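Structure record follows, encoded as structure tokens.
Fair warning: this is a prediction, and the values are worked out from it, not measured in the lab. Hydrogens, waters and symmetry mates are skipped; everything else that's a heavy atom, side chains included, is used.
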Amino acid sequence: MLRRIALTAVASLAALSAAVPATAASPLVPLPPLPLLQGDWPTAQDTETRLTVTVSESGNPSADGVFELECDPAGGSHPAAQRACDLLDAAAEAGDNPFVATDRNAMCTQQAGGPAAARVQGTWQGENVDARFSRANGCEIARWNNLVPVLPSAR
């Protein structure tokens, strides 16, 4: 049985090679490059980080205000731009999104962390961000603390 299959395969290849015209054996001519359509290839903007961080009532008047944060290279008016970008890069490498809101069904300790509030808007790793932060309970305090130094340490 195997011999019959092998003979059939060899005969098929021989018939196929005889049917190929001689011009097909000539060297291949490279095709011209296709034009790129927007969105086909990743760009620097796909991983761009540009955020506006607005902080109020943090307990530190110098930490309150509106700060711009840019990464790669770190810059903007953010007071700890390099450390903030390093934290965001580490989160991206770990596959974590530090801007995800607390699950509504989460069980959080009912402790008050003060009146501090923050909003982060812009682009992180090419994705739109519009996140609000508070220190209203244990989950929100932990979420805030995990984003320090993007957000200031609050008293």
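Between Leu151 atom CG and Arg135 atom CZ the span is 9.5 Å, to the nearest 0.5 Å. Here CG of Leu51 is found 7.0 Å from SG of Cys71. Values are rounded to the nearest 0.5 Å. Residue Glu93 holds its CD atom at 9.0 Å from CD of Gln125, rounded to the nearest 0.5 Å.
Remark: the backbone N or O of Val150 is paired with a side-chain donor or acceptor of His78 at under 3.5 angstrom. The backbone N or O of Ser58 lies less than 3.5 Å from a partner atom in the side chain of Asp64, making a donor-acceptor pair. No donor-acceptor pair closer than 3.5 Å links the side chain of Thr54 to the backbone N or O of Val66.
Residues satisfying the side chain to side chain contact (heavy atoms under 4.5 Å, CB included) test with Asn128, not counting sequence neighbours, are Thr123. For the salt bridge (charged side-chain N to carboxylate O under 4.0 Å, His left out) test, no residue two or more places apart in sequence or in another chain qualifies with Arg83. Residues that satisfy the side chain to side chain contact (heavy atoms under 4.5 Å, CB included) test with Ala117, not counting sequence neighbours, are Ser56. Asn137 is linked by a side chain to side chain donor-acceptor pair (under 3.5 Å) to nothing, counting only residues two or more places apart in sequence or in another chain. Residues that satisfy the side chain to side chain contact (heavy atoms under 4.5 Å, CB included) test with Glu57, not counting sequence neighbours, are Pro115. With sequence neighbours left out, the salt bridge (charged side-chain N to carboxylate O under 4.0 Å, His left out) criterion links Asp103 to no other residue. For Asn146, there are no side chain to side chain donor-acceptor pair (under 3.5 Å) partners two or more places apart in sequence or in a different chain. Gln82 meets the side chain to side chain donor-acceptor pair (under 3.5 Å) test with Asp86; sequence neighbours excluded.
Closest heavy-atom contact between Gly59 and Pro61: O-CD, 3.9 Å. Here the closest heavy-atom approach between residue Pro149 and residue Ala84 is recorded as CG-N, 3.7 Å. Val148 and Pro152 get closest at one heavy-atom pair: CG2-O, 3.9 Å. Looking at every heavy atom in both residues, Ala106 comes nearest to Cys139 through CB-SG, 4.3 Å.
The list of salt bridge (Lys or Arg N to Asp or Glu O under 4.0 Å) pairs with a residue in residues 139-150, not counting sequence neighbours, reads Glu140-Arg143. Residue pairs meeting the ring-ring contact (aromatic ring centres under 6.0 Å, His included) criterion with at least one partner in residues 83-118, sequence neighbours excluded, are Phe99-Trp124. Contacts classified as salt bridge (Lys or Arg N to Asp or Glu O under 4.0 Å) and involving residues 110-119 (residues at least two apart or in different chains) are given here: Arg119-Asp130. The ring-ring contact (aromatic ring centres under 6.0 Å, His included) contacts involving residues 49-77 comprise nothing, where partners must be two or more places apart or lie in separate chains.
Under the 4.5 Å side-chain heavy-atom criterion for Ile, Leu, Val, Met, Phe, Trp and Tyr, Val55 and Leu69 are members of the same hydrophobic cluster. When the side chains of ILVMFWY residues are joined at heavy-atom separations under 4.5 Å, either directly or via intervening members, Val129 and Trp144 end up in a single hydrophobic cluster.
The side-chain heavy atoms of Cys85 and Thr49, taken from C-beta on, include no pair separated by under 4.5 Å. Annotation: side chain of Pro98 is not in contact with side chain of Phe133 (no heavy-atom distance under 4.5 Å).
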- Message: One pair to check against side chain to side chain donor-acceptor pair (under 3.5 Å): Glu68 and Thr52. What are the steps and the verdict?
- Response: CA-CA 5 Å; Glu68 300 296 326; Thr52 300; 3.0 Å; yes
